[in-house]
Undergrad: 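Got a structure for you, questions after.
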Amino acid sequence: MSKKANKLVIVTEKILMKKIVKIIDEAGATGYTAMETGGKGSRNVRSTGKPSTADTDSNVKFEILTENREMAEAIADKVAHTFFTDYAGIAYICEAEVLYGRSFCGPEGC
Amino acid sequence: MSKKANKLVIVTEKILMKKIVKIIDEAGATGYTAMETGGKGSRNVRSTGKPSTADTDSNVKFEILTENREMAEAIADKVAHTFFTDYAGIAYICEAEVLYGRSFCGPEGC
Amino acid sequence: MSKKANKLVIVTEKILMKKIVKIIDEAGATGYTAMETGGKGSRNVRSTGKPSTADTDSNVKFEILTENREMAEAIADKVAHTFFTDYAGIAYICEAEVLYGRSFCGPEGC
Amino acid sequence: VSVEFISLFMKDFIAQLQSPTLSFLIGGMIIAALGSELVIPESICTIIVFMLLTKIGLTGGIAIRNSNLTEMVLPVLFAAISGIAIVFIARFTLANLPKVKVVDAIATGGLFGAVSGSTMAAGLTVLEEQKITYEAWAGALYPFMDIPALVTAIVVANIYLNKRQKRAAALDPTGDEGPRPNRVQIWPIIEESLRGPALSAMLLGLALGIFAQPESVYKGFYDPAFRGLLSILMLVMGMEAWSRLGELRKVAQWYVVYSVIAPFLHGLLAFGLGMIAHVTMNFSMGGVVILAVIASSSSDISGPPTLRAGIPSANPSAYIGASTAIGTPIAIGVCIPFFIGLAQAIGGI
Amino acid sequence: VSVEFISLFMKDFIAQLQSPTLSFLIGGMIIAALGSELVIPESICTIIVFMLLTKIGLTGGIAIRNSNLTEMVLPVLFAAISGIAIVFIARFTLANLPKVKVVDAIATGGLFGAVSGSTMAAGLTVLEEQKITYEAWAGALYPFMDIPALVTAIVVANIYLNKRQKRAAALDPTGDEGPRPNRVQIWPIIEESLRGPALSAMLLGLALGIFAQPESVYKGFYDPAFRGLLSILMLVMGMEAWSRLGELRKVAQWYVVYSVIAPFLHGLLAFGLGMIAHVTMNFSMGGVVILAVIASSSSDISGPPTLRAGIPSANPSAYIGASTAIGTPIAIGVCIPFFIGLAQAIGGI
Amino acid sequence: VSVEFISLFMKDFIAQLQSPTLSFLIGGMIIAALGSELVIPESICTIIVFMLLTKIGLTGGIAIRNSNLTEMVLPVLFAAISGIAIVFIARFTLANLPKVKVVDAIATGGLFGAVSGSTMAAGLTVLEEQKITYEAWAGALYPFMDIPALVTAIVVANIYLNKRQKRAAALDPTGDEGPRPNRVQIWPIIEESLRGPALSAMLLGLALGIFAQPESVYKGFYDPAFRGLLSILMLVMGMEAWSRLGELRKVAQWYVVYSVIAPFLHGLLAFGLGMIAHVTMNFSMGGVVILAVIASSSSDISGPPTLRAGIPSANPSAYIGASTAIGTPIAIGVCIPFFIGLAQAIGGI
Ligand SMILES: Nc1ncnc2c1ncn2[C@@H]1O[C@H](COP(=O)(O)O)[C@@H](O)[C@H]1O
Ligand SMILES: Nc1ncnc2c1ncn2[C@@H]1O[C@H](COP(=O)(O)O)[C@@H](O)[C@H]1O
Ligand SMILES: Nc1ncnc2c1ncn2[C@@H]1O[C@H](COP(=O)(O)O)[C@@H](O)[C@H]1O
Ligand code: NA
Ligand code: NA
Ligand code: NA
């Protein structure tokens with residue numbers, strides 16, 4: 001069995017990590033997956049003076065699976081309005097189908 | 001030309017890496033992509049005592065492109081039933097369209 | 001508001017990184033996200049003699065959001081024809097819906 | 001006497017907390033508590049652990065070359081006994097406490113029975129700072145306590161789980177057998193622990209010390225760097241300890257009690273056994289302290305993954321939280337000074 | 001005199017560029033310019049910065065133990081004054097230049113007012129290479145210039161932004177209030193800077209130096225490794241400087257002018273203040289040089305993220321580019337020799 | 001004589017396998033074979049390689065400062081000749097063997113012609129352990145063998161590919177030209193190799209040694225750390241060698257034969273040329289050994305990516321597998337002792 005879901009993807013600057021986790025939690029999402037990424041966009045800013053060796057670790061990418069689209073959009077709105085005027089960032093949604101995920105379908109499975 | 005495919009995504013604990021690769025290979029998938037991720041879910045366990053500096057490398061994420069949905073589900077079932085009662089993990093499917101991939105469409109392309 | 005988009009995913013060998021960035025830029029994409037990945041496919045080559053400790057950092061994965069499918073396919077074609085005969089690599093497309101992204105919808109939002 | 005003992009002991013205790021090793025541990029806890037964003041990269045911790053254990057191995061190997069092995073027999077035996085005993089102590093104390101799951105308790109016992117290379121390194125260093133001599137091969141006792149503890153824990157846990165399963169199947173009206181009990185192979189567990197990064201570094205050093213001529217790199221590199229690297233590692237363990245305290249809140253309060261008392265209990269057990277070797281085989285008092293210290297330590301690197309794989313149903317937050325957040329700082333910060341003080345007071349060294 | 005000064009100065013200057021510290025910096029810029037693919041892993045840079053600042057802290061701490069603190073008062077005061085003054089200098093010069101956004105200018109002032117641990121380390125090393133003595137606690141001046149500068153910059157910037165916002169609201173016909181001004185809390189900023197990796201390493205070392213007995217690891221590890229590690233870090237900063245030059249092209253030309261002149265200006269200001277302490281409290285000439293060097297330096301590790309969070313609307317490419325690409329190499333490669341030369345010529349040391 | 005030679009040689013050989021350098025290599029292979037999970041982080045390997053090659057460069061640079069360069073001419077020339085010859089050897093032997101693709105063979109020749117910094121470091125260290133003197137600038141021979149080999153391989157391979165393409169086009173009835181042959185630019189290849197991390201570290205050290213005063217950091221940091229760091233790197237190379245053996249199974253058996261014989265062959269060739277320089281220009285016997293060792297070595301860091309980019313159609317599993325899994329351990333573990341033994345037996349040192 002499986003359960004339709006929205007996968008919200010947010011790519012933004014690494015120093016926002018903690019603040020975005022907070023927003024996700026407050027929105028009531030059941031969880032998230034985060035990974036280091038790099039990339040280029042309209043503003044290609046490096047937000048620390050630390051020597052950045054690789055070009056693959058200046059950003060962070062969040063993937064948040066939500067049951068209803070409203071929550072996904074709510075998170076995206078909050079993040080975008082709070083940060084995307086001053087910080088690099090992008091947010092998009094894909095469709096997904098969750099097969100297993102305790103956080104998502106409870107321990108008894110989807 | 002292109003070829004419809006299912007993209008199975010599995011996020012779970014890093015120490016399961018080798019075992020899951022084995023399951024994927026046995027299921028006959030033509031390949032997989034793996035990357036380090038972090039995240040939070042219903043059980044937010046750290047499965048080693050190693051000082052974990054970043055919050056982005058406690059998990060591993062697999063992406064497996066399969067031609068038919070059956071194989072994807074077979075892999076997800078096997079992984080979930082073997083591990084997800086005791087280990088943190090989630091599995092979901094997205095639709096994808098492979099344009100090029102020797103492992104997927106053979107050397108002559110899709 | 002949101003804007004339909006194609007998400008082109010390219011997974012290939014790390015040493016091609018710079019060359020592929022060049023192709024993406026020339027194709028006129030508004031940006032890309034890159035991350036280190038590992039994986040296995042038909043050719044599982046390690047293209048350096050460097051001791052590779054982890055199995056999760058031999059490849060690089062690009063995600064490119066494009067407004068029209070033509071551009072996505074153009075990039076995939078260029079990359080595949082230039083490199084995929086001699087280098088490991090795969091390219092596939094997913095559907096996505098961009099909610100926010102200055103590079104994508106301009107500063108005023110989607 | 002007892003007055004003298006206390007005074008000796010306290011004087012000593014304070015002094016030792018100021019030793020680089022322990023002060024960096026405490027420093028780490030404090031800056032973590034103050035919310036410092038200082039981070040020691042994981043790759044650095046990995047290489048430090050490698051160098052510390054290789055050095056300990058080399059010391060042992062070079063020493064073993066010219067020392068009769070018979071005098072190792074008793075200490076080795078006692079190391080193994082302690083490791084096994086510690087698991088059963090947890091099984092019959094912690095496991096019976098309210099709100100404590102039996103498998104979690106057994107796993108915790110396994111982790112506390114196993115050995116922390118860094119705690120051992122700290123012990124050896126403080127001993128040297130105190131100019132207390134010990135058998136150079138003492139570090140080689142590590143695996144003989146570590147592996148028996150882990151193996152015992154995994155075996156005991158699985159026997160318990162199988163029993164419970166059978167009982168469930170018996171009660172089950174449908175009377176079907178249920179999943180057949182999974183038998184535990186011991187050898188794979190031993191192999192896995194031997195292959196862990198900490199132990200293999202130690203054994204590699206041991207082998208090189210015995211069969212090769214590593215003196216030049218030993219004197220010029222591994223030995224001089226030892227204390228400095230250890231100070232960094234201690235800092236990390238202090239920070240880790242603090243950051244893991246939160247995890248403990250998720251589990252039963254009893255884990256806190258256990259992880260405060262256990263290191264002393266385990267250390268005293270081993271200390272006692274060590275004294276037997278001291279009297280009968282004149283095993284040095286320094287060696288006795290080391291035996292006590294590795295007993296009071298709990299594994300940080302190789303133990304957790306081994307247990308996670310061997311007892312998947314046990315909750316890692318319970319046993320890792322208990323050992324990292326409380327067990328280890330107690331073992332390093334309190335037990336090391338305590339057992340040295342004890343040895344000095346008793347053995348009059 | 002002036003002739004002798006020039007000659008003394010130039011002779012000295014060339015000699016110092018050949019010092020390991022500075023030559024590695026220059027080497028780094030050159031190989032980066034030649035497109036070398038040499039990369040020093042980030043984890044290595046992190047641990048080097050940690051060790052350098054811990055060592056500086058330890059030195060200070062051990063020194064403070066037996067030295068009367070009254071002689072620190074004036075230098076500390078002057079450090080703070082310099083840090084604050086530098087921000088206002090930027091506010092009233094750089095900020096008024098064409099094509100320069102005011103907030104960007106203020107942030108740049110904050111970064112140049114703050115301190116670079118690596119530049120300070122370089123300064124201390126070159127001083128030692130030149131056998132010039134200085135107060136061992138001089139490194140401890142770092143936070144007293146760093147934090148005031150960052151706090152001032154963030155406060156000034158937010159006051160400016162709020163003013164502008166109010167004005168906009170006033171002009172706004174609809175007369176609605178617009179978003180209410182966000183008041184700046186000062187304490188959180190101070191906390192954040194104290195928690196940054198560089199400062200907490202330094203303060204940790206300081207505390208350990210004062211309260212513990214770290215001499216053994218200090219002598220055996222942190223001190224001997226200092227210069228070597230610094231040479232690697234200098235290489236990295238040289239490479240970084242070159243690779244960041246590109247970023248500057250994106251911003252107004254005036255940043256280039258500013259980041260060439262500012263280090264001298266700031267250094268001279270602090271040098272002057274230092275001379276007062278030299279005359280009144282006989283603060284050593286070496287100490288005066290250090291005060292000047294940290295003033296001419298601009299923060300590389302902790303400053304940028306603090307400013308990014310405190311003044312989000314400021315463009316990091318502007319202030320980071322200016323400091324990393326030009327400010328820092330000038331401070332290390334030119335100002336250090338310059339102020340040492342100055343001290344030697346004036347103080348006749 | 002020959003008896004004496006053999007005995008001398010064997011005695012020596014065993015002794016050298018016990019040297020830290022070689023014993024860590026062997027240790028690495030063994031623990032990898034035993035399935036150890038020990039991992040040395042990549043960032044650590046990177047910095048070790050950097051420090052080793054910077055040190056070698058510094059040594060060379062400081063030496064070159066006061067040594068007439070004319071005596072370098074002949075060795076440099078011979079280094080280049082060896083590098084080029086090795087490629088052609090592969091082209092006319094390996095390439096003609098059954099189941100071996102010509103481009104793969106040429107690439108393999110290029111990799112074996114190129115130089116491994118770590119093998120060279122091992123050679124220099126064992127020489128010192130054996131108290132055999134050599135020209136301090138000997139390390140500077142590295143690029144003069146490395147680059148010619150890589151360039152030759154890429155050029156030869158592309159000429160071959162273009163030829164084959166033209167032939168195909170000629171036979172092609174439609175008679176269309178097919179993709180026009182891609183001409184090889186030599187300069188970009190040279191540039192790329194010079195920019196590789198290993199070579200640029202070495203050249204940086206060289207330059208600093210010549211133009212700056214790095215003695216203090218050299219004596220206090222790079223030199224003392226050298227052997228210890230090398231021992232870690234040797235361990236890694238041993239583990240790598242074992243883990244790559246599998247890759248070789250995927251390719252023709254002949255690669256195994258080649259990578260066992262080639263290091264000796266190449267070494268002997270260079271040794272012979274070196275002897276000429278020894279006799280005519282009294283190039284030291286130690287120098288001759290180094291020339292032989294770098295010839296028998298095969299590039300591990302910069303070579304592979306250069307070849308991968310220059311000959312994309314060649315299969316990296318073939319040439320990397322051959323060099324890492326067999327070529328390198330043979331070069332370090334067998335050829336170094338062999339050529340030292342040879343030099344001692346011949347040169348009577
Ligand atoms: N068209 C795109 N496709 C994929 N990722 C993008 C795209 N545009 C921007 N990004 C990502 O979003 C981040 C911020 O974009 P920006 O705010 O435009 O600088 C970039 O660093 C990229 O990682
Ligand atoms: N709603 C979610 N969205 C994205 N990732 C999730 C979500 N829930 C769980 N995960 C990922 O799955 C892992 C295991 O989840 P769990 O088993 O619920 O602890 C977490 O560490 C996350 O990386
Ligand atoms: N079926 C698949 N699913 C996901 N990723 C794949 C798949 N096949 C190949 N890949 C990725 O594409 C890379 C190159 O594939 P290949 O060219 O077939 O060796 C592999 O290293 C994987 O990371
Ligand atoms: Na123990
Ligand atoms: Na400053
Ligand atoms: Na060679």
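Lettering follows sequence order; numbering is per chain, from 1.
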Undergrad: Using non-hydrogen atoms only, which part of D:Tyr218 is less than 4.5 Å away from chain F: side chain, backbone, both, or neither?
TA: neither

Undergrad: How far does CG of F:Leu38 sit from OG1 of D:Thr46, to the nearest 0.5 angstrom?
TA: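 Going from CG on F:Leu38 over to OG1 on D:Thr46, the span is 10.0 Å.
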
Undergrad: Can you give the donor-acceptor pairs under 3.5 Å from side chains of residues 221-230 of chain F to other protein atoms, not counting sequence neighbours?
TA:
from: F:Tyr222; atom 1: OH; to: E:Ser231; atom 2: OG; distance (Å): 2.8

Undergrad: Heavy atoms only, distances under 4.5 angstrom: which of F:Leu34, F:Ile26, F:Leu22, F:Ile30 has the most pairs with chain D? Name it, please.
TA: F:Leu34

Undergrad: Measure the shortest side-chain to side-chain distance between D:Phe50 and F:Ile232 over non-hydrogen atoms and say whether it is less than 4.5 angstrom.
TA: yes

Undergrad: Can you give me the closest heavy-atom contact between D:Ser216 and F:Glu129, atom names plus distance?
TA: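 D:Ser216 and F:Glu129 have their closest heavy atoms at OG-OE2, 4.4 Å.
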
Undergrad: Distance from F:Ser43 atom OG to D:Ile44 atom CD1, nearest 0.5 Å?
TA: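 Atom-to-atom, F:Ser43:OG and D:Ile44:CD1 are 6.0 Å apart.
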
Undergrad: Kindly compute the distance separating CD (F:Glu37) from CG (D:Leu194), expressed to the nearest 0.5 Å.
TA: 11.0 Å

Undergrad: Find the distance between SG (F:Cys45) and CD1 (D:Ile47) and round it off to the nearest 0.5 Å.
TA: 7.5 Å

